[in-house]
Every structure is written in structure tokens, then in C-alpha cells.
There are 2 protein chains.
Amino acid sequence: MLRTGPSSPKSARRKAPRLADVARLAGVSTATVSRVLSNPDMVSRQAREVVEDAIRATGYRLNHAARNLRHRRTGGVVALVPDLSNPFFSQILAGMSAVLAPASYNLLVADTRAMSAESILSYAEPSRADGLIVLDGGLPLERFERHVPLVLACEWIPGLSAPRVKIDNRAAAALAVAHLVELGHRRIGHVAGPPENVLTQARLAGLKQALEARGLPAPLVLAGDFSLDSGRRAGAQWLALPEDERPGAMFFASDAMACGFIGEVQHRGFSVPNDVSVMGFDDIELVAHMTPALSTIRQPRDAIGRRAASLLLDLIGGTDTAEDVILPVELVIRASTAPPRDR
Amino acid sequence: MLRTGPSSPKSARRKAPRLADVARLAGVSTATVSRVLSNPDMVSRQAREVVEDAIRATGYRLNHAARNLRHRRTGGVVALVPDLSNPFFSQILAGMSAVLAPASYNLLVADTRAMSAESILSYAEPSRADGLIVLDGGLPLERFERHVPLVLACEWIPGLSAPRVKIDNRAAAALAVAHLVELGHRRIGHVAGPPENVLTQARLAGLKQALEARGLPAPLVLAGDFSLDSGRRAGAQWLALPEDERPGAMFFASDAMACGFIGEVQHRGFSVPNDVSVMGFDDIELVAHMTPALSTIRQPRDAIGRRAASLLLDLIGGTDTAEDVILPVELVIRASTAPPRDR
DNA sequence: CTGAAAGCGCTTACAG
DNA sequence: CTGAAAGCGCTTACAG
């Protein structure tokens with residue numbers, strides 16, 4: 001149907017001009033055109049101007065696929081996130097993009113929950129991406145550690161040696177405890193993330209350690225999975241407890257769970273913080289606008305994204321700065337935490 | 001430093017095996033290896049087995065950049081979203097990915113808020129993406145309409161003829177009105193999106209039309225921009241109104257604004273829905289868990305993403321199904337709407 | 001069913 | 001400063 005000859009004037013789908021077309025029009029070699037594009041200083045002013053005119057005249061646009069093949073790079077970086085629908089990750093991704101775009105890397109985002117192990121692994125192939133930022137600590141990545149430059153952000157994978165950008169989760173949990181204890185709470189409950197998750201473990205350890213250091217009783221720990229709905233279920237469990245066994249303060253491993261909990265106990269006629277203080281983790285945007293506004297631990301999401309991206313760029317560039325980056329968190333005190341009622 | 005010869009055994013960075021390496025080991029031509037990879041039926045069983053062994057032996061992995069260059073495709077589809085941190089979009093993106101991945105297209109996501117017009121336009125170049133899904137109706141896209149297959153989702157660009165996947169925003173607004181009127185409300189207020197936004201206009205038009213059709217007074221309209229914070233400001237405005245001028249029901253062009261509003265009026269001691277009924281739009285995950293749980297209009301986000309992606313695939317494949325797709329919404333009645341108090 | 005060869009559209013030592 | 005030519009790693013008409 002379509003003619004393959006050099007010119008098919010009738011075809012609506014005229015072939016895009018190539019470097020060679022520009023070169024012909026300008027009366028120079030393709031090498032010179034290429035240099036004008038990527039190394040203008042190597043070219044005489046005169047030649048440069050002729051070429052630039054020809055580029056304009058032809059409407060030439062560089063073909064990135066060809067350049068990338070020649071450079072043996074893909075021009076893409078993949079971020080593997082455990083749950084795209086969690087707003088916690090959006091701002092991290094925006095931070096990455098802000099660093100990657102100027103370095104002319106595309107950011108590809110993939111939701112690992114929605115993918116087979118095989119297709120997740122396929123992202124680690126050098127021909128698919130120049131680098132990988134992994135935000136999911138549950139991935140079986142030991143197998144392809146060598147394939148492609150890789151950095152871990154937020155979560156990490158125990159056996160895997162790769163630079164990590166993270167917060168000090170134990171210290172963050174201790175910060176929450178300090179706040180609650182300062183308000184006068186002695187019985188503190190916790191709703192944890194998924195048991196095998198590294199963040200779950202670090203936050204729980206920090207919590208236990210902080211309580212112990214103050215001679216306070218070990219926390220009541222309820223199971224969760226970071227999701228809203230698991231927080232709601234934790235609310236139901238809290239309500240089902242005999243009144244004198246209900247912790248007066250609950251610390252959650254994620255804001256989403258704290259939201260679910262608050263919704264549930266409020267629906268059942270309880271007041272936060274009068275009946276129970278609630279402390280979240282993450283500081284996602286929405287929690288500042290709830291009633292009560294949520295006290296929480298703020299993670300520097302933009303910075304996490306930016307640092308992870310620039311670390312990866314270093315790695316791709318051959319600089320082996322395999323050091324971990326620990327970013328600071330911030331205790332944000334709002335209205336969901338208050339002194340215990342019965343004291 | 002690095003030897004360029006065919007074998008540099010000392011180098012840690014051994015070159016990845018190519019098709020030619022597999023062919024040599026198998027004792028066949030590269031054409032045959034290529035066929036085994038992409039068209040196994042064209043190859044005799046015997047040859048296929050030899051090649052498959054060689055692939056395993058060498059650990060060969062296909063280079064996608066090379067294949068894509070040859071096929072004159074990039075293997076990528078770009079989604080341009082107006083605000084990545086809005087959870088409304090995440091599930092739409094997940095829907096797209098679910099359709100695109102099996103067709104072996106990568107989904108690249110870019111946040112148009114964070115980009116220059118120039119770099120946004122650069123995504124429409126055929127060498128960067130095989131197609132574009134635009135979720136931002138405010139983009140100056142007339143200029144590159146021709147460059148790359150394109151579909152519009154959620155929002156649309158008036159001058160631009162491209163297939164659209166959307167909901168019936170006017171009908172959705174009418175649905176909200178019907179619910180509120182059925183509860184007994186006659187004075188209905190509205191918090192709109194950004195004035196130039198097409199969704200803002202369609203929803204407002206639907207609202208006005210539905211009120212008019214019932215002989216009810218025109219709505220009080222407050223300015224917003226879909227964000228949480230603009231909803232909070234609308235709350236302050238509502239509170240500042242003389243008591244007898246406050247609409248007893250407020251309909252919001254986004255859930256985020258409804259959340260901001262509720263937060264603000266609750267902080268000031270008012271009750272939803274006792275003092276004011278609140279109706280959102282979108283049904284983002286969190287609003288089911290607030291107190292009160294939000295009544296809203298549910299958009300079929302997963303379906304929007306899937307349909308947009310498959311329409312784009314059709315376009316890329318040359319099928320010109322340039323018809324618009326209108327997806328159904330659903331009225332979700334929860335606890336934030338109730339009959340007016342003084343009636 | 002299979003192979004030799006051209007080509008996708010660039011870039012870059014090398015030689016001048 | 002500039003050009004001829006090889007090459008990045010595949011795919012695919014074409015001929016056998």
C-alpha cells in the first residue's frame with residue numbers, strides 16, 4: 001500500500017526528515033549535522049548556521065531511539081512503587097521527575113502490586129531502563145542486583161547492597177512516643193504495617209525501645225497493612241476491647257490507617273482526641289484537613305524523591321557513592337493528640 | 001581503559017550477548033535467531049531447539065532499543081496528568097497500565113504542572129512516544145495534533161479533534177441535584193473548579209440546568225480550584241455568610257474540595273450534615289472513611305484508564321475509531337447529606 | 001525453512 | 001573544522 005521509495009508525495013504519512021535529509025539540504029555531512037546538535041562548539045559558525053537553517057526548513061526532529069541505541073542507553077529510569085493509588089508516593093515521584101527530566105531521563109512508573117514477578121524482573125534489564133528506583137522492599141531483587149544501577153528509597157531489601165534513601169524509622173517512632181508521653185499517656189497502642197515489611201519492623205522496634213527506655217508497658221500491637229481499611233478494622237478491634245484495656249493513645253504506622261481508625265471510632269460515637277489520641281505517620285496532604293487534624297510524623301517526600309534520583313544518576317554516571325542517605329523527619333502536632341482524659 | 005575487542009575476559013563489565021553471539025553458538029544465522037524470538041512458527045522445530053539452547057547458554061536478553069528502532073516505534077505511551085499528587089489520577093493510571101503492559105507498551109507519566117510548555121510539547125514527538133493520553137484540558141495542544149496518536153481522557157481540549165473518554169458531567173451534576181432536592185433542599189450552593197476548566201463549566205451548567213428545570217433558585221457559586229485548600233477557603237466563605245443566606249446543601253466539583261470544606265466548618269463547630277449537607281465529586285478512596293462519610297458522584301476511574309488506553313492502541317494500530325466514549329457515573333449516598341434542619 | 005544483506009537513524013573514532 | 005565509514009543490535013523483504 002505504502003510506497004517505500006524515497007519520496008511518496010501523495011502519501012498523507014510523509015516520512016519524518018532524518019539527519020541525512022538535513023545534511024543534504026545544508027550541503028554538509030551527517031557528521032556535521034550531528035555535531036551541531038550535540039556538540040555545537042566543534043563546528044564552525046558558518047557551518048552551524050547553514051545547518052540550523054536546514055533544520056528549521058525541514059522541520060527535523062531528533063530520533064531519540066536511534067541516539068539511545070548508539071549511546072547504548074535507554075533514556076529511561078523505572079520507579080517500582082508498591083501502590084500507585086497511595087498519595088504518599090505521588091510527591092516522591094514528582095521529586096524524582098524534577099531531577100531526572102533535566103538530565104533527560106524519562107521516569108517510568110510501575111505499580112508492583114499489579115505486576116507479575118516476571119514482568120517486574122524484566123524492568124531490571126539494561127535494555128529497558130538505565131536505572132531502577134525501588135520503593136518496594138518486598139521484591140525478590142537479589143536475583144538481578146547486577147543488571148542495572150539501582151537505588152532503594154523508603155523501603156529497602158535486606159540482602160541487597162544498593163544505596164538507600166530513607167528516614168530513621170526507629171527514631172521517628174521514638175519521636176511519636178515522646179510526644180504522647182509528654183501529653184501524659186502511659187498506655188500506647190500501635191497499629192503496624194504488614195508483618196514482613198521492613199518499615200513495620202523498624203517502627204515497631206523504635207516504639208518498643210522508646211517505651212522500654214521510659215519504663216512504660218509494652219504496647220498493644222494490632223495488625224494492619226498500611227491501608228485505610230486495615231485502620232478501620234483496627235478501630236473495630238479497639239472498640240471491642242474492654243474499656244479499661246483500651247490504650248488511650250494509638251500510634252499508626254501510616255496516616256491512611258489512622259484515617260480509617262478515626263472514621264470507625266467516630267462513627268461509633270467516640271471522640272478523637274477526647275476518648276483516644278491518634279498519631280499517624282507520613283503526613284499526607286489530606287490529614288491536615290480532617291477533623292480532628294491529624295498529628296503525625298512528616299516524611300520529606302520531595303527530598304526523598306530528589307535524593308534517590310540524583311543518587312541513581314551518580315550510579316549511572318559511574319560514581320560509586322554507595323552510601324546511605326538518612327533524611328530527617330518532623331513531628332507535626334495537630335489536634336488528634338491530647339492529654340488522656342482520666343488522669 | 002576498556003578493550004573494545006570481542007572478548008575482554010578481565011573486564012567486570014562483560015558485554016551483554018547479542019543476537020549474533022547466539023547465532024554463532026547455535027550455528028545459524030541471526031535471521032533465524034530473530035525469528036525464533038518473534039515468529040517461532042516460521043522456524044523448524046530442530047532449529048528452534050538449538051537456538052533456544054543457545055539463548056539459555058549465553059543468557060541472551062533482547063535489546064528493546066534496537067528492536068524499537070527497527071520497528072520505528074518507541075514502545076512508550078505518555079500520560080500527561082495535571083496533578084500527580086491527586087489520588088484521583090492514580091487509579092486511572094493503573095487502569096491504563098493494565099491495558100498497555102500486555103501490549104508491551106511502557107506507560108510514562110508526566111505531571112504537566114511541573115513542566116515547561118516546551119517539554120510538554122516534546123512528548124508529542126513520535127520519537128519520544130508512540131502515543132499520548134492527555135488528562136489536562138488546559139494544554140496548548142492544537143499545535144501538535146498531527147504528531148502522534150492522541151486520546152483525551154476526563155478533560156478535553158475544545159479545539160482539538162481526538163477521541164475522548166469521559167463522563168457526562170452535566171448529567172452527573174444533575175444526579176447530585178436530584179439527590180439533594182429529594183432530601184428537601186431548595187437552596188443549593190456550589191464550589192466550582194478553576195473557571196477555565198472544561199469540567200468546571202460542564203458541571204456548573206448541569207447544576208444550573210437541573211435547578212432551573214425544577215423551578216429552584218440559581219445556585220450560590222463559590223470559586224475553587226479542585227484542591228483541598230480551596231475547599232477550606234470555601235468553608236470560610238460559607239461561614240462568613242449571614243446565617244439566612246447560607247445554602248443548606250453544598251455541591252462540590254471535587255471530593256478534595258468537599259474534604260477541605262468539611263474540615264473547616266467542623267473546626268468552627270458546625271455539623272455536617274446537620275448544619276449543611278455536603279456532596280462531593282469523584283469518590284476518591286478516602287472519602288468513604290471520613291466522618292461523616294461523603295456522599296459523592298463516583299467516576300469509574302479504572303474503566304476510564306482502560307478505555308483511554310485501548311482507544312489509543314486502536315489509533316496506534318491504525319484503526320480510526322475516533323468516537324467519544326461516555327462512561328457512566330454512580331450516585332453514592334453516604335452520611336454527609338441529609339434533609340435540611342429547618343423545614 | 002533458511003541465510004545474506006540492507007536498513008532503522010543516529011554517533012564517533014579516525015584520518016585529513 | 002570536516003567527512004567517509006563503521007557500528008549500536010535488531011528485523012525483514014528477497015532469494016534460494
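For the numbers below, each heavy atom of this structure counts, side chains included, while hydrogens, waters and symmetry mates do not. Chain naming here is simple, since letters A, B, ... match the order of the sequence lines and numbering starts at 1 in each.
- With respect to E52(A) and R56(A), no salt bridge is recorded, no charged nitrogen being found less than 4.0 Å from a carboxylate O.
- Contact check for L80(A) versus L135(A): no side-chain heavy atoms found under the 4.5 Å cut-off.
- Annotation: proximity of residues 65-72 of chain B to DNA chain D (heavy atom, distance under 4.0 Å) is found for A66(B), R67(B), R70(B), H71(B), numbered in ascending order.
- Seen from the ring of Y105(A), R73(A) counts as a face-on cation partner, given the 6.0 Å and 45° thresholds.
- In summary, the side chains of N106(B) and R128(A) do present a donor paired with an acceptor at a separation below 3.5 Å, with no hydrogens or angles considered.
- No contact: A20(A) has no heavy atom under 4.0 Å from any strand.
- Between D130(A) and T74(A), the side chains place a donor N or O and an acceptor N or O closer than 3.5 Å (distance only, hydrogens not considered).
- R48(A) comes within 4.0 angstrom of nothing in the nucleic acid, heavy atoms only.
- Toward the 5′ end of DNA chain C lies the nearest nucleotide of D41(B), the other residue of the pair L19(A) and D41(B) mapping further downstream.
- When DNA chain D is scanned in the 5' to 3' direction for atoms under 4.0 Å from non-hydrogen atoms of chain B, the outermost contacting nucleotides are dG9(D) to dA13(D).
- On the C1' atoms, dG16(D) is 16 Å away from dT12(D), given to the nearest whole Å.
- With hydrogens and angles disregarded, no donor-acceptor distance shorter than 3.5 Å links the side chain of S38(A) to the backbone of R35(A).
- Residues V51(A) and V28(A) meet the side-chain proximity criterion, which asks for heavy atoms closer than 4.5 Å.
- Looking at P163(B) and V325(B), their side chains never come closer than 4.5 Å, going by heavy atoms from C-beta outward.
- As judged by a 4.0 angstrom heavy-atom cut-off over every strand, L37(B) is placed among residues making no nucleic acid contact.
- L139(B) is listed as a side-chain neighbour of I157(B), based on a closest heavy-atom distance under 4.5 Å.
- Minimum heavy-atom separation, D111(A) to P82(A): OD1-O, 3.4 Å.
- Considering only heavy atoms from C-beta on, L313(A) stays 4.5 Å or farther from T319(A) through its side chain.
- Stems are defined here as 3 or more consecutive Watson-Crick or G-U wobble pairs with pairing distances under 3.5 Å; those involving DNA chain C are C:1-3 with D:14-16, C:5-12 with D:5-12, C:14-16 with D:1-3.
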